[in-house]
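A short write-up of the structure that comes next.
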Amino acid sequence: MTDLSSMNRETKKKHLRSRVITPGKPAPQESSEKIIKKAHGTVLRRRLFILLGILIFLTISSIAYYWHQRGFQYKEATVIWERQYERDEATFVQYVPYGENLLRYSKDGASHIDSAGKDIWVQPYEMRSPIVAVNGDYAAIADQQGSQIYIFDKNGLLGIAATTLPVMKLTISSKGLVAAILQDQTTSYIYYYTKEGQQMKLWLTSFLNGEIGYPLDISLSPDGSLLMGSFTYLKGGELKNRIAFYNFSEVGKNVPDRFVGGFHEMYDKSMIPKVCYLDNIYSVAFADSSISFYSSLDVMSPRLLKQVSVEEEIRTVFYNSQYAGIIVKSFSGEYDYRLDLYSSEGNHIFSKDFSFDYEHVDIDGDTIFLYNEDSCRIYNRFGNLKYEGTFDFPVSRLCSASIPGEIIAAGPQAVKKIKLH
């Protein structure tokens with residue numbers, strides 16, 4: 001009995017000893033510098049995660065907005081402001097976009113209208129058949145078959161060029177340099193004028209049966225150093241057409257007649273009524289059966305990038321600094337017309353079949369306007385219809401306003417800023 005009790009006591013002691021916690025070595029204390037570094041790293045990681053979350057949110061929002069805007073169609077229109085004109089002013093009135101504003105011109109004068117519908121300047125003149133060229137902050141207005149060219153910037157008249165021969169066509173650079181086709185009974189000339197209206201010692205002389213030919217159309221590069229022209233000439237008793245490039249910069253005077261490039265074989269049976277520089281590098285020629293895209297990256301040797309053949313009848317052409325397009329009569333039978341849009345390098349963007357009795361087509365930024373006097377269709381650069389509606393006054397020009405979703409509608413009797421929603 002005594003032995004059993006002793007065994008029980010020993011067992012309990014062992015059990016109690018096993019439950020006693022033996023103090024270990026004290027944990028090493030971290031230095032304050034390490035604690036600060038660890039806390040700083042935690043803050044940086046937290047900020048990085050927050051920034052990453054914001055970037056992901058903005059990216060998703062941007063993508064969602066992009067796809068929404070790409071396919072979103074406006075259903076209604078509200079007039080923000082309007083400006084009325086007297087009916088006796090509305091005999092002949094045209095508008096062209098002028099920067100973010102409008103240039104209004106008629107036989108009696110021109111005015112620069114700002115984004116609020118107010119006149120920045122007004123210039124009176126008398127012309128029988130005014131023609132206009134606009135590039136950036138500069139504009140030129142001439143009386144076709146007359147002898148005066150009015151040159152403006154956004155602040156008003158800079159000068160008046162007096163020509164010795166009738167003006168047929170004109171073009172202007174983004175620096176205010178003007179080139180004009182002048183003509184007498186047998187010869188055509190291309191003269192240069194400064195923005196103040198002074199004739200420069202730069203010109204070309206051409207004859208229908210000469211080496212260059214008769215100029216149908218010309219276009220200056222935005223910096224004014226290059227000139228592109230469509231020239232028709234006689235060969236073997238037949239009318240032919242060619243594209244020619246001239247360099248009027250300092251380097252261009254080192255080559256005969258400043259001629260730096262010509263293209264004619266692909267236009268053997270075509271006429272080229274319209275040429276234009278889209279920017280300082282890319283240019284386009286609209287022929288009656290093709291569109292040709294050129295590059296002047298090498299200013300002394302322009303090259304053909306792409307020629308797009310067109311089987312259908314080309315009804316209308318349009319362009320801006322980024323795109324060039326045509327509207328053709330459709331062969332499909334289901335639709336009346338087809339719109340084809342290309343990049344400045346000649347890459348196909350989209351084609352759109354439609355049936356709409358349009359009279360005008362313009363492109364402003366990424367927006368394409370098809371319209372007549374009392375109705376319109378507006379497309380984006382993806383070919384999606386953005387708005388279709390009617391007007392309550394005669395419209396002769398549509399263009400984008402400075403704020404997305406707003407347009408300017410202008411006609412002989414009124415100008416209105418309209419919000420689409």
Side-chain angles (χ1 to χ4, degrees), residues 91-99 101-113 119-206 212 214-231 244 246 248-249 258 273-277 397:
T91 53
F92 169 86
V93 176
Q94 296 293 328
Y95 297 83
V96 291
Y98 191 27
N101 302 328
L102 279 179
L103 180 66
R104 184 180 196 265
Y105 67 100
S106 67
K107 295 181 179 181
D108 302 320
S111 60
H112 179 194
I113 304 171
D119 288 333
I120 296 176
W121 52 256
V122 177
Q123 177 62 48
Y125 55 68
E126 291 186 7
M127 296 185 184
R128 290 183 299 176
S129 181
I131 54 175
V132 65
V134 173
N135 199 330
D137 293 341
Y138 292 92
I141 302 176
D143 192 5
Q144 192 171 43
Q145 296 188 343
S147 59
Q148 287 187 321
I149 303 172
Y150 285 70
I151 305 169
F152 306 89
D153 69 1
K154 292 196 299 184
N155 297 315
L157 182 66
L158 295 174
I160 303 174
T163 66
T164 56
L165 293 170
V167 178
M168 305 307 296
K169 287 191 175 183
L170 76 162
T171 177
I172 190 169
S173 77
S174 62
K175 296 182 178 180
L177 188 68
V178 174
I181 300 176
L182 311 182
Q183 184 180 3
D184 63 15
Q185 293 182 349
T186 59
T187 310
S188 294
Y189 306 87
I190 299 175
Y191 278 102
Y192 270 68
Y193 301 89
T194 67
K195 62 185 179 181
E196 293 80 19
Q198 299 300 312
Q199 182 177 317
M200 302 174 67
K201 295 181 179 180
L202 297 172
W203 66 84
L204 293 172
T205 305
S206 61
I212 299 176
Y214 173 82
L216 294 179
D217 194 31
I218 57 173
S219 179
L220 281 172
S221 61
D223 64 8
S225 64
L226 301 173
L227 183 137
M228 176 190 193
S230 168
F231 295 87
Y246 296 86
F248 287 94
S249 69
R258 297 181 178 267
K274 185 64 181 176
V275 298
C276 58
Y277 262 101
R397 190 77 189 206

* **Value rounded to 0.5 Å, distance of CG in Leu103 from CD in Gln94** => 11.0 Å
* Plane angle bin for Phe92 and Tyr105 - parallel if under 30°, tilted between 30 and 60°, otherwise perpendicular -> perpendicular
* Evaluate the side-chain proximity of Pro215 to Gln183: yes if any heavy-atom separation is below 4.5 Å, no if none is. => no
* Structure fact -> Asp137 meets the side chain to side chain donor-acceptor pair (under 3.5 Å) criterion, sequence neighbours left out, with none
* To do: Could you tell me whether the side chain of Tyr138 and the main chain of Ala133 form a donor-acceptor pair under 3.5 Å?
  => no
* Asked: Which pair of non-hydrogen atoms, one from Ala180 and one from Ile149, has the smallest distance, and what is that distance?
  -> CB-CD1, 3.9 Å
* Straight-line distance of Ser174 OG to Leu220 CG, nearest 0.5 Å -> 10.0 Å
* Taking the six-membered ring for Trp, are the ring centroids of Phe152 and His112 within less than 6.0 Å of each other? -> no
* What are the two closest heavy atoms between Leu227 and Ala179, and how far apart are they? -> CD1-CB, 4.0 Å
* To do: Output, in order, the C-alpha distance, side-chain angles, deciding distance and verdict of side chain to side chain contact (heavy atoms under 4.5 Å, CB included) for Leu165 and Ser147.
  => CA-CA 6 Å; Leu165 293 170; Ser147 59; over 6 Å; no
* Should Lys169 and Asp217 count as an ion pair when the cut-off is N to O under 4.0 Å? -> yes
* Steps toward side chain to side chain contact (heavy atoms under 4.5 Å, CB included) verdict (Val96, Leu102) -> CA-CA 6 Å; Val96 291; Leu102 279 179; over 6 Å; no
* Asked: Hey, which of Leu170, Thr187, Val167 is the one that makes side-chain contact (heavy atoms from CB on, under 4.5 Å) with Leu182?
  -> Val167
* Structure fact -> Rounded to the nearest 0.5 angstrom, the CG-OH distance for Asn101 and Tyr95 is 13.5 Å
* Between OH on residue Tyr191 and OG1 on residue Thr205, distance to nearest 0.5 Å -> 6.0 Å
* Asked: Which heavy atom of Thr163 sits nearest a heavy atom of Gln148, and at what distance?
  -> OG1-N, 4.4 Å
* Asked: Among side-chain atoms of Asp108 and Ser106, is any donor-acceptor pair under 3.5 angstrom?
  -> no
* Asked: Between Met127 and Ile141, does a side chain to side chain contact (heavy atoms under 4.5 Å, CB included) hold up when you go through it step by step?
  -> CA-CA 10 Å; Met127 296 185 184; Ile141 302 176; 3.9 Å; yes
* Min side-chain heavy-atom separation Asp143-Tyr125 under 4.5 Å -> no
* **Nearest atoms (heavy-atom pairs only) where Pro222 meets Ser173** => O-CB, 3.3 Å
* Asked: Can you list the steps and then say if Glu126 with Lys107 is a side chain to side chain contact (heavy atoms under 4.5 Å, CB included)?
  -> CA-CA 6 Å; Glu126 291 186 7; Lys107 295 181 179 181; over 6 Å; no
* Asked: Backbone N or O of Tyr277 within a donor-acceptor pair of the Ser219 side chain at under 3.5 Å?
  -> yes
* To do: Please report the shortest heavy-atom distance between Phe248 and Leu202, naming the atom on each side.
  => CD2-CD2, 3.9 Å
* Can you name the closest pair of heavy atoms from Leu157 and Gly159 and give their distance? -> CD1-O, 3.5 Å
* Asked: Has the side chain of Arg258 got a donor or acceptor atom that lies under 3.5 Å from a matching backbone atom of Trp203?
  -> no
* To do: Calculate, to the nearest 0.5 Å, the distance between atoms CD1 and CD1 belonging to Ile218 and Ile181 respectively.
  => 4.0 Å
* **Donor-acceptor contact below 3.5 Å, side chain Tyr193 vs main chain Gln198** => no
* Between OH on residue Tyr246 and CD1 on residue Ile212, distance to nearest 0.5 Å -> 3.5 Å
